**Q** 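Below are the structure tokens for one structure; questions will follow.
We use all heavy atoms of the structure for the numbers below, so side chains are in, but hydrogens, waters and symmetry mates are not. Every chain is numbered from 1 and lettered A, B, ... according to where its sequence line falls, protein lines coming before strand lines. These numbers come from a predicted model, not from an experiment.
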Amino acid sequence: MGNIAYDFQIEKDDFERAGEASSKIKKILRQLGIDSGIIRRVAIAAYEVEINLVIHSLGGTISISIDPKSIMIIAKDIGPGIENVELAMKEGYSTASDKIREMGFGAGMGLPNMKKCADSFYIESIIGKGTIITMKMMLKDGE
Amino acid sequence: MKLREIRDSLQADVLWGEDLLENEVSYAFGADLMSDVLAFVKTGTILLTGLINSQVIRTAEMADVTAILFVRGKVPDGDIIDLARENSIAILTTKNTLFTTSGILYSCGLRGIEDDKI
Ligand SMILES: Nc1ncnc2c1ncn2[C@@H]1O[C@H](COP(=O)(O)OP(=O)(O)OP(=O)(O)O)[C@@H](O)[C@H]1O
Ligand SMILES: [Mg+2]
């Protein structure tokens, strides 16, 4: 299996299409015959990050690359950035509005979920610039 | 527990997935916040929720949820039912509230997802 990479553009407030990128990612991984437990972890992490881009960011991209040893997801947005990343990472911390909560989001579990699903998780955020989240999931025996 | 038994015990309507009623679920999980669903559910779960937007189906798709049971008589729009069909997720609806639904299913032997088992 060679290296495979895809990019998905995510628009701010586009609730109609939110989840489409993650759905496509899940289908791609299934076609590659990757272990269903790993697919599930990638899909959940990708979906959480996709929803965050729609709700909290001004828009961005999700890139996924697959090599024989691992799957890498990089989410990059164009702002507004996260003021206190440590706080944002806490279970239950959310700045989501009541309207967002009525749609089923704002538990403050998205970032902790991503961290739990990934074998490695990095977040970097600069106010006024944007946020980059890098997640890697290892594949067993170069699947 | 088979989806058929769940339907019968709640007198629920099957909105999509008549052919999936022989499928078994091991757990039920009730929530209206999708990240809680993503954090807790395991495969072989039926999701009980009062939320009826497309993100419920997307959430179920990502987490490999077997079936969704809408409570309080909620019925989603046709395009949301279509999305469930595309992902082979059975969807049912019951007039019961979340609490009553949970009590009935628990008394039929279905169990929740407990923290220590995650
Ligand atoms: N891409 C982002 N840009 C700006 N702020 C963000 C971004 N992602 C997360 N945040 C901030 O971090 C907080 C915590 O994010 P997290 O995903 O854990 O919870 P949530 O999105 O509020 O709720 P949930 O994910 O449970 O539906 C958010 O409420 C928001 O303030
Ligand atoms: Mg989130």
Side-chain angles (χ1 to χ4, degrees), chain A residues 10 13-27 29-30 35-52 54-56 62 73 88-94 96 98-118, chain B residues 23 25-27 29-45 47-72 74-89 91 98 113 115-118:
Chain A
I10 311 297
D13 293 331
D14 189 356
F15 292 100
E16 192 80 23
R17 295 187 56 205
E20 271 187 29
S22 306
S23 180
K24 280 181 191 148
I25 287 171
K26 191 166 187 189
K27 286 183 182 107
L29 298 181
R30 213 182 276 145
D35 172 78
S36 65
I38 294 173
I39 293 181
R40 189 167 181 272
R41 281 162 52 209
V42 172
I44 290 173
Y47 182 64
E48 289 285 16
V49 89
E50 180 176 2
I51 294 294
N52 276 3
V54 172
I55 292 175
H56 305 296
I62 296 175
I73 306 167
M89 287 301 300
K90 285 216 168 91
E91 286 191 9
Y93 177 83
S94 175
D98 287 348
K99 191 177 142 247
I100 295 296
R101 215 150 288 182
E102 274 163 32
M103 296 175 67
F105 297 98
M109 294 297 285
L111 289 169
N113 278 356
M114 289 174 219
K115 193 173 177 186
K116 230 187 326 178
C117 286
Chain B
N23 288 357
V25 291
S26 306
Y27 312 98
F29 185 78
D32 284 351
L33 286 176
M34 294 302 107
S35 286
D36 279 336
V37 176
L38 293 164
F40 283 94
V41 307
K42 305 201 268 192
T43 52
T45 296
L47 171 63
L48 319 182
T49 187
L51 202 68
I52 51 166
N53 61 30
S54 62
Q55 299 312 320
V56 176
I57 314 291
R58 288 294 185 205
T59 298
E61 174 190 359
M62 300 312 152
D64 295 333
V65 162
T66 305
I68 303 169
L69 173 62
F70 297 109
V71 297
R72 305 191 288 273
K74 303 259 170 117
V75 176
D77 290 344
D79 52 339
I80 289 161
I81 298 175
D82 288 344
L83 195 58
R85 180 186 297 129
E86 277 168 36
N87 289 288
S88 301
I89 299 165
I91 49 173
L98 181 57
I113 297 166
D115 234 331
D116 57 356
K117 292 194 210 138
I118 291 165

**Q** Roughly how far, to the nearest 0.5 Å, is the CD atom of A/E48 from the OG1 atom of B/T59?
**A**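 With rounding to 0.5 Å, OG1 (B/T59) is 8.0 Å from CD (A/E48).
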**Q** Check each atom of A/R101 against the heavy atoms of chain B and say whether the ones under 4.5 Å are side chain, backbone, both or neither.
**A**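 Contact with chain B: backbone and side chain both.
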**Q** Could you measure the distance from the CD atom of B/E61 to the NZ atom of A/K27? Nearest 0.5 Å is fine.
**A**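 It is 5.0 Å, given to the nearest 0.5 Å.
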**Q** So for B/D64, is it side chain, backbone, both, or neither that comes closer than 4.5 Å to the heavy atoms of chain A?
**A**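 For B/D64, the contact with chain A is made by backbone and side chain together.
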**Q** Please classify the contact between A/I51 and chain B as side chain, backbone, both or neither, with a heavy-atom cut-off of under 4.5 Å.
**A**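 Looking at A/I51, just its side chain touches chain B.
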**Q** Should the heavy atoms of other residues, nucleotides or ligands under 6.0 Å from CG of B/D79 be counted, would the total exceed 12?
**A**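 Correct, the count exceeds 12.
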**Q** Any donor and acceptor pair, going by atom type alone, linking the side chain of B/Q55 with main-chain N or O of A/A18 inside 3.5 Å?
**A**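 Between the backbone of A/A18 and the side chain of B/Q55 there is a qualifying donor-acceptor contact (under 3.5 Å).
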**Q** In the structure I gave you, are the side-chain heavy atoms of B/L33 and A/M109 within less than 4.5 Å of one another anywhere?
**A**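 Result no, sub-4.5 Å side-chain heavy-atom pair not found.
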**Q** What part of B/T49 gets closer than 4.5 Å to chain A, counting heavy atoms only: side chain, backbone, both or neither?
**A**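 Contact with chain A involves no heavy atom of B/T49 at all.
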**Q** Counting heavy-atom pairs under 4.5 Å with chain B, which one of A/E20, A/E16, A/E91 comes out on top?
**A**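 Looking at each of A/E20, A/E16, A/E91 in turn, A/E20 comes out on top.
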**Q** Testing the basics here: between A/N113 and B/S35, what is the closest heavy-atom pair and its distance to 0.1 Å?
**A**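 Heavy atoms only, the tightest pair is ND2-O, 3.1 Å.
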**Q** What pair of heavy atoms forms the shortest contact from A/E102 to B/L51, and how long is it?
**A**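 A/E102 and B/L51 have their closest heavy atoms at O-CD1, 3.1 Å.
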**Q** Side chain, backbone, both or neither: which part of B/L38 has a heavy atom under 4.5 Å from chain A?
**A**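 For B/L38, backbone and side chain are both near chain A.
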**Q** Who among A/C117, A/A43, A/G104 has the most heavy-atom pairs with chain B under 4.5 Å?
**A**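 That would be A/G104.
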**Q** Taking every non-hydrogen pair under 4.5 Å, which of A/G110, A/G108, A/A107 racks up the most with chain B?
**A**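 Top count of heavy-atom pairs under 4.5 Å with chain B: A/A107.
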**Q** Considering non-hydrogen atoms only, spot the tightest contact between A/S23 and B/M62 and give its length.
**A**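 Heavy atoms only, the tightest pair is N-CE, 3.5 Å.
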**Q** Can you tell me how far apart OG (B/S54) and CE (A/M103) are? Round to the nearest 0.5 Å.
**A**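 If we round to the nearest 0.5 Å, B/S54:OG and A/M103:CE are 7.5 Å apart.
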